[in-house]
There are 2 protein chains.
Amino acid sequence: MDLSAKSEYALLALLELSPHFASGEPLQIRQIASQQNIPDRYLEQLLATLRRAGLVKSLRGARGGYLLARDPWKITLYDVVSCIEGFEAQTDPAQSSPTPETLVIQAVWGEARQAAETVLQKCTLQDLVERRNAQQQVDIMYYI
Amino acid sequence: MDLSAKSEYALLALLELSPHFASGEPLQIRQIASQQNIPDRYLEQLLATLRRAGLVKSLRGARGGYLLARDPWKITLYDVVSCIEGFEAQTDPAQSSPTPETLVIQAVWGEARQAAETVLQKCTLQDLVERRNAQQQVDIMYYI
DNA sequence: TGCAAACCCCAGTGGAGAACCGGAGTATAA
DNA sequence: TTATACTCCGGTTCTCCACTGGGGTTTGCA
């Protein structure tokens, strides 16, 4: 029920990439990692997953790096979390003969999960960027 | 993001206790465990937690057992899951200086979590019982 | 053409927590 | 008084998350 470090790292990385989408300049793993305090060898794996999911593109070789595959307002938090966390494929083969009780419980749990996913589907990377900027404005006002 | 065996066991046990609330007759751990296929020594721990949370009462000694502490329509799934899973106290002391990025991410995640919890708060044990009965009716109709 | 900078793949490890088991003790109905 | 139940507390096994490491391959640039 709580956010895994894995998903948080992925979101932070994509958040870091968002402002660079317009210019088309790639960011390197090291830069993202040091900027957001993420173990770089670990971030590497996450970016590979995001690449296979079609959320980022990579440029190999010297002067390479990563960039968003599409506009930051066309990537939802659900896109990110679901591909990182690996939803789906939860058929649970051990549960050969589910009882009526477990079925009902799973059904309600599915509704709760659905409600959470709807929130994530409605929030894009661009929304996150703007909320962060707005928050920083508030901080500055308090600082003055 | 997925339902733990722990919570599912607890819900199954309370579901088993629900029909017996009216009569006031206690159910024993062994009975619940064998009925719902739960390791009995493990269920014992869960029921102890539920008792401390005030969701069930225990009768010690011969002919003892467990019974619901209040009406099954006055116990929500949120009551159960939150006490079993131990929500709250997630201040995360390691996060001494949260960045604006992590703050925004946590905020949205909190909204998603809140949406899921609302679903659980609206569903009572009695709702579960009735949905199970309704489902069984459907099964019977298909059987005929 | 060489070489360094970057991505790419795969395999392992350490620690934490979940799920479960066991034993000794205590309360209580019969 | 005794059998039946709950109660407390500790250990054990197993899985998974977060992370690390050792190899590659690709590519811009001097």
Side-chain angles (χ1 to χ4, degrees), chain A residues 1-13 17 20 24-34 36-53 55-69 81 84-87 89-90 92-95, chain B residues 1-13 17 20 24-34 36-53 55-69 81 84-87 89-90 92-95:
Chain A
M1 194 74 177
D2 46 333
L3 184 59
S4 66
K6 210 172 171 181
S7 293
E8 184 165 348
Y9 287 161
L11 288 172
L12 287 172
L17 290 177
H20 293 77
E25 282 294 305
L27 268 184
Q28 290 138 25
I29 291 183
R30 300 275 182 76
Q31 297 177 22
I32 304 173
S34 73
Q36 293 293 342
N37 251 41
I38 305 172
D40 51 357
R41 305 294 270 119
Y42 189 44
L43 178 58
E44 186 181 306
Q45 296 175 21
L46 303 183
L47 286 171
T49 303
L50 294 173
R51 181 180 57 81
R52 281 187 286 268
L55 294 179
V56 299
K57 286 179 180 172
S58 67
L59 297 181
R60 304 184 64 157
R63 315 290 254 157
Y66 285 91
L67 42 107
L68 288 190
V81 174
I84 283 293
E85 224 65 34
F87 290 176
Q90 312 262 42
D92 199 348
Q95 195 74 3
Chain B
M1 194 73 176
D2 47 332
L3 185 60
S4 66
K6 210 172 172 181
S7 293
E8 182 164 349
Y9 288 162
L11 288 173
L12 287 172
L17 290 177
H20 293 77
E25 283 294 306
L27 269 183
Q28 290 141 24
I29 289 184
R30 300 275 180 77
Q31 298 176 21
I32 304 174
S34 71
Q36 294 293 341
N37 250 40
I38 305 172
D40 52 355
R41 302 297 266 122
Y42 189 45
L43 178 58
E44 186 182 307
Q45 296 175 20
L46 302 182
L47 284 171
T49 302
L50 293 173
R51 182 181 57 80
R52 281 188 287 268
L55 294 179
V56 300
K57 285 179 180 172
S58 67
L59 298 180
R60 305 183 64 154
R63 314 290 252 156
Y66 284 91
L67 45 112
L68 289 190
V81 174
I84 284 291
E85 224 65 32
F87 290 177
Q90 312 263 41
D92 199 348
Q95 196 75 3

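Numbers restart at 1 for each chain; the letters A, B, ... are given by sequence-line order, proteins then strands. Values below: all heavy atoms of this structure, side chains included; hydrogens, waters and symmetry mates excluded.
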Exercise for the section: For A:Leu67 and A:Leu59, run side chain to side chain contact (heavy atoms under 4.5 Å, CB included): C-alpha distance rounded to whole Å, both residues' side-chain angles, the deciding distance at 0.1 Å, then the answer. Expected result: CA-CA 8 Å; A:Leu67 42 107; A:Leu59 297 181; 4.1 Å; yes

Exercise for the section: Would you classify A:Leu47 as touching base, sugar-phosphate or nothing, given that sugar-phosphate means primed atoms plus P, OP1 and OP2, and contacts are heavy atoms under 4.0 Å? Expected result: nothing

Exercise for the section: Figure out the CG/P separation between B:Leu50 and D:dT7, and round it to whole Å. Expected result: 12 Å

Exercise for the section: For B:Arg52 and D:dC9, give me the distance from atom CZ to atom C1', rounded to whole Å. Expected result: 11 Å

Fill in the blank from the handout: To the nearest angstrom, the CZ-C1' distance between A:Arg60 and D:dC29 comes to 18 Å

Handout entry: Distance in Å, A:Arg41 CZ paired with A:Leu43 CG, rounded so as to fall on 0.5 Å steps
Key = 11.0 Å

Practice task
Please name the pair of heavy atoms, one in A:Asp40 and one in A:Ile29, separated by the smallest distance, quoted to 0.1 Å.
Solution key: O-CG2, 3.7 Å

Practice task
Have a look at the helix from C:dT1-D:dA30 to C:dA30-D:dT1 and give the angle its two end axes make, five pairs each, rounded to 10 degrees.
Solution key: 0°

Completion exercise
The reported gap from NZ in A:Lys57 to CG in A:Leu17 (rounded to nearest 0.5 angstrom) is 13.5 Å

Fill in the blank from the handout: Shortest non-hydrogen pair, A:Val81 vs A:Ser7, comes out as CG1-OG, 4.1 Å

Practice task
Find the distance between CG (A:Leu46) and CD1 (A:Ile32) and round it off to the nearest 0.5 Å.
Solution key: 11.0 Å

Handout entry: Note, B:Tyr42 side chain near B:Lys6 side chain (heavy atom, < 4.5 Å)
Key = yes

Problem - Rounded distance [0.5 Å steps], CZ in A:Arg51 versus CG in A:Leu55 - result: 12.0 Å

Fill in the blank from the handout: Whether each nucleotide of nucleotides 12-22 of chain D has a protein heavy atom under 4.0 Å at its base (B), only at its sugar-phosphate (S) or at neither (-) is summarised, 5' to 3', as ------BBBBB

Fill in the blank from the handout: Comparing nearest nucleotides in DNA chain D, the 5'-proximal residue of the pair A:Gly61, B:Tyr66 is B:Tyr66

Handout entry: D:dT27 base / A:Arg63 side chain donor-acceptor hit below 3.5 Å
Key = no

Handout entry: Nucleotides bounding contact with chain A, strand DNA chain C, heavy-atom threshold 4.0 Å
Key = C:dA5 to C:dA11

Practice task
For residues B:Ala10 and B:Ile84, report the shortest heavy-atom separation together with the two atoms involved.
Solution key: CB-CG1, 3.7 Å

Handout entry: Distance, rounded to the nearest Å, where A:Leu59 contributes CG and D:dG28 contributes C1'
Key = 12 Å

Handout entry: Considering all heavy atoms, the nearest B:Leu12-B:Gln36 contact
Key = CD2-OE1, 3.5 Å

Exercise for the section: Compare all side-chain heavy atoms of A:Tyr66 with those of A:Pro26 and state whether any distance is below 4.5 angstrom. Expected result: no

